[in-house]
Visitor: 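Dumping the structure here so I can ask a few things about it.
Residue numbers start at 1 and run along the sequence shown.
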Amino acid sequence: VADVIQKRERARIEYPADGKFSGDWKNGEKIAQSGYGLRFTDYPPRGENGGNCYACHQLTKAEVSYGTIGPSLNGYGKVRNFSEADTKAVYEKIYNAQAAYPCSNMPRFGSNKVLTIEQIKDLVALVMSADSPVNK
């Protein structure tokens with residue numbers, strides 16, 4: 001069953017038209033911090049949805065409040081030598097987590113149109129850029 005789910009969800013991933021999986025980590029930090037969107041008080045929308053990443057993940061040592069449902073991402077890109085394959089994998093995980101892990105609790109930000117492709121690229125940069133505070 002897991003293989004069927006994973007195959008189906010991988011087919012739903014939309015890749016960036018420019019072929020680049022990483023954007024601006026500074027915008028990514030804003031998206032990661034923002035919990036705006038999809039709440040009953042956010043209608044009509046007055047801004048872009050956020051990822052609310054700190055609700056589940058530790059991204060930087062400087063952040064004092066973060067969730068522990070998801071793994072710590074502190075130093076994630078650095079540990080993986082900022083590889084292109086891992087950068088693509090991070091994009092896919094954010095876009096559709098069930099394509100990587102069929103039983104993932106992580107929201108399918110791209111598949112469900114919660115975040116745009118550009119926002120996802122910015123989050124990838126936050127996790128995978130050498131200049132990002134995540135990897136300092």
Visitor: Taking only residues two or more places apart in sequence or in another chain, which ones pass side chain to side chain contact (heavy atoms under 4.5 Å, CB included) with E48?
Guide: Q119

Visitor: Run the side chain to side chain contact (heavy atoms under 4.5 Å, CB included) test against K88 and tell me which residues pass, sequence neighbours left out.
Guide: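 With sequence neighbours excluded, K88 shows a side chain to side chain contact (heavy atoms under 4.5 Å, CB included) to Y15, F21, E92, given in chain and number order.
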
Visitor: Please list, chain by chain and in numerical order, all residues satisfying side chain to side chain contact (heavy atoms under 4.5 Å, CB included) with N96, sequence neighbours excluded.
Guide: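 Result, side chain to side chain contact (heavy atoms under 4.5 Å, CB included) vs N96: E9, R12, I13, Q98, A99, R108, S111.
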
Visitor: What residues form a salt bridge (Lys or Arg N to Asp or Glu O under 4.0 Å) with R46, not counting sequence neighbours?
Guide: none

Visitor: Are I69 and V134 connected into the same hydrophobic cluster when the rule is that any two of I, L, V, M, F, W, Y join if their side-chain heavy atoms are below 4.5 Å apart?
Guide: no

Visitor: Is any side-chain heavy atom of P107 less than 4.5 Å from a side-chain heavy atom of V114?
Guide: no

Visitor: Could you walk me through whether V90 and Y76 satisfy the side-chain contact (heavy atoms from CB on, under 4.5 Å) test, starting with their C-alpha distance in whole Å, then the side-chain angles of each, then the deciding distance to 0.1 Å, before giving a yes or no?
Guide: CA-CA 10 Å; V90 169; Y76 191 90; 3.5 Å; yes

Visitor: What pairs meet the side chain to side chain donor-acceptor pair (under 3.5 Å) rule with one or both residues in residues 60-75, with sequence neighbours excluded?
Guide: Q33-E63, Q58-S72

Visitor: Between D24 (side chain only) and K26 (backbone N and O only), is there a donor and an acceptor less than 3.5 Å apart?
Guide: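 Yes, the answer is positive, given that a donor and an acceptor are paired below the 3.5 Å cut-off.
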
Visitor: Do Y43 and L38 have side-chain heavy atoms sitting under 4.5 Å apart?
Guide: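 The answer is yes, as the side chains (C-beta and beyond) meet within the 4.5 Å cut-off.
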
Visitor: Could you pull out all residues at least two apart from D18 that satisfy salt bridge (Lys or Arg N to Asp or Glu O under 4.0 Å)?
Guide: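 D18: salt bridge (Lys or Arg N to Asp or Glu O under 4.0 Å) contacts with K121.
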
Visitor: Quick one: which residue pairs count as a salt bridge (Lys or Arg N to Asp or Glu O under 4.0 Å) with a foot in residues 35-44, not counting sequence neighbours?
Guide: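 Residue pairs passing salt bridge (Lys or Arg N to Asp or Glu O under 4.0 Å), neighbours aside: R39-D42.
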
Visitor: Restricting to side chain to side chain contact (heavy atoms under 4.5 Å, CB included), what partner residues turn up for A97, sequence neighbours left out?
Guide: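 By the side chain to side chain contact (heavy atoms under 4.5 Å, CB included) rule, A97 matches K93, S104, M106.
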
Visitor: Should Y91 and V79 be counted in the same cluster of Ile, Leu, Val, Met, Phe, Trp and Tyr side chains packed under 4.5 Å apart?
Guide: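 No, Y91 and V79 fall in different hydrophobic clusters.
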
Visitor: Is there a path from L59 to F82 through hydrophobic residues (I, L, V, M, F, W, Y) whose side chains come within less than 4.5 Å of each other?
Guide: no

Visitor: Going from CG on L123 to CE on M128, what distance comes out if it is rounded to the nearest 0.5 angstrom?
Guide: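 One gets 13.5 Å once the value is rounded to the nearest 0.5 Å.
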
Visitor: Output all residues satisfying side-chain hydrogen bond (donor to acceptor under 3.5 Å, both in side chains) with Y101, sequence neighbours left out; order by chain, then residue number.
Guide: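 Y101 satisfies side-chain hydrogen bond (donor to acceptor under 3.5 Å, both in side chains) with no other residue.
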
Visitor: Please report the interatomic distance CD1(I94) to CD1(I120), rounded to the nearest 0.5 Å.
Guide: 7.0 Å

Visitor: Write out all pairs satisfying side chain to side chain donor-acceptor pair (under 3.5 Å) with one or both partners inside residues 126-136, taking only residues at least two apart or from two chains.
Guide: none

Visitor: Atom OH of Y36 and atom CG of N49: how far apart are they, to the nearest 0.5 Å?
Guide: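 The distance works out to 7.5 Å.
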
Visitor: Can you list, by chain and residue number, the hydrophobic cluster partners of V1 when the side-chain cut-off is 4.5 Å?
Guide: I5

Visitor: With sequence neighbours left out, write down each residue that passes salt bridge (Lys or Arg N to Asp or Glu O under 4.0 Å) with R80, or none if nothing qualifies.
Guide: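 Testing R80 for salt bridge (Lys or Arg N to Asp or Glu O under 4.0 Å), a comparison that skips the adjacent residues, returns none.
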
Visitor: Hey, could you give me the NZ/CG distance between K30 and L126, rounded to the nearest 0.5 Å?
Guide: 12.0 Å

